[in-house]
Amino acid sequence: MNRRRYWVLKTEPTNYSIDDLERDRKTPWSGVRSYMARNAMRDMMQMGDTVLIYHSSCDVPGIYGFGQVVSAPYGDPTQFDPESPYYDARADADKPIWQLVDIAFRSKLDEPITLLDLRARPGLKTLRILARGNRVSVTRVSEAEFRIIHAMAVKRGHKG
DNA sequence: GCCAACGTTGGC
DNA sequence: GCCAACGTTGGC
């Protein structure tokens, strides 16, 4: 049994939010077009891993809820769809360039853990998403970092 | 809207 | 394979 891993998934809520994930229950995490983020999903993610859903480019950036990796990596279908903004003409069906995993909704926080909250925690200084200029939308969270964030969620009345 | 800092591209 | 230039991200 492999050890659980933890991740932050960044998303712009105007594009896809924790509420969308709650409604859908499960979604292919499509549209990731960065090699570092793709490699993380393709090579490092495991079924059952926990993901933190982070809203960026919005009024209150921060963590809004929890999800779970529920598939192995597979080719992102949007790369083959000429109508999609994520279409990639270089990709063909038997040689996908972009990979994704399915993410299931687990829970939503009543109050988000804001970017300011995260920055205020000395134990989270190493959190990748807080690094200056970080742009990668899929980043690893250490177990120690996750424990701190989870405790912050519990403090907000979050169960589970 | 600004702009620092980045990840990616492409010329060499 | 290097690295400058570019376009994008994302907090403010």
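Per chain, numbering begins at 1; letters A, B, ... match sequence-line order.
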> Can you identify which nucleotide, out of B:dT8, B:dG7, C:dC12, has its nearest atom closest to the A:Val136 side chain?
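My answer, after comparing the listed nucleotides, is B:dG7.
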> Phosphate oxygens OP1/OP2 of C:dG11: is one of them under 4.0 Å from a side-chain N or O of A:Tyr54?
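Yes.
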> Kindly point out which of B:dG7, C:dC12, B:dT9 is positioned nearest to the side chain of A:Leu115?
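Shortest atom-to-atom distance from the side chain points to C:dC12.
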> Roughly how many Å is it from CD1 in A:Ile97 to P in B:dT9, rounded to a whole number?
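Whole-Å distance recorded here is 10 Å.
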> Assign A:Ser56 to base, sugar-phosphate, or nothing according to its heavy-atom contacts below 4.0 angstrom with the strands shown.
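Sugar-phosphate contact only - A:Ser56 comes under 4.0 Å of backbone atoms but never of a base.
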> Of the listed nucleotides (C:dC12, C:dG10, B:dG7), which one gets closest to any side-chain atom of A:Ser57?
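Nearest to the side chain of A:Ser57 among the choices is C:dG10.
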> Measure from NE2 on A:His55 to P on C:dT9 and round the result to the nearest Å.
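So the NE2-P distance, A:His55 to C:dT9, works out to 17 Å.
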> Verify whether the ring centers belonging to A:Tyr35 and A:Trp98 lie closer than 6.0 Å.
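Yes, they do, as the ring centres are separated by less than 6.0 Å.
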> Roughly, in whole Å, what's the span from CG in A:Asp59 to C1' in C:dG11?
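Nearest whole value for this atom pair: 12 Å.
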> Distance check needed: C:dG11 C1' versus A:Asp117 CG, whole Å only.
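Those two atoms, CG and C1', are 15 Å apart.
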> Answer yes or no: is there an ion pair linking A:Lys95 with A:Asp92, defined by an N-O contact shorter than 4.0 Å?
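So A:Lys95 does not pair with A:Asp92 through a salt bridge.
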> Rounded to whole Å, how long is the line connecting atom CG of A:Asn134 with atom P of C:dT9?
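The answer, rounded to whole Å, is 13 Å.
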> In whole angstrom, what separates A:Ile129's CD1 from C:dG11's C1'?
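A:Ile129 atom CD1 is separated from C:dG11 atom C1' by 12 Å.
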> Verify whether one side chain among A:Thr114 and A:Asp117 offers a donor that lies under 3.5 Å from an acceptor in the other.
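Short answer, yes.
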> Heavy atoms from C-beta onward define the side chain here; which of C:dC12, B:dG7, C:dG10 lies closest to that of A:Lys10?
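Between C:dC12, B:dG7, C:dG10, the one nearest the side chain of A:Lys10 would be C:dG10.
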> Of all the nucleotides listed (B:dT8, C:dG10, C:dG11), which has the minimum atom distance to the side chain of A:Glu12?
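Taking heavy atoms from C-beta onward, the closest nucleotide is C:dG10.
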> A:Arg156 vs A:Asp110, test: salt bridge (charged side-chain N to carboxylate O under 4.0 Å, His left out). Steps then yes/no.
CA-CA 7 Å; A:Arg156 284 162 176 72; A:Asp110 294 330; over 6 Å; no
> Does a donor on one side chain sit under 3.5 Å from an acceptor on the other, for A:Asp102 and A:Tyr74?
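There is such a pair between these side chains.
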> Round to the nearest Å and state the distance from A:Leu118 atom CG to C:dG10 atom C1'.
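Rounded to the whole Å, the gap is 15 Å.
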> Mind calculating the distance between CZ (A:Arg90) and P (B:dT9) to the nearest angstrom?
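Nearest whole value for this atom pair: 6 Å.
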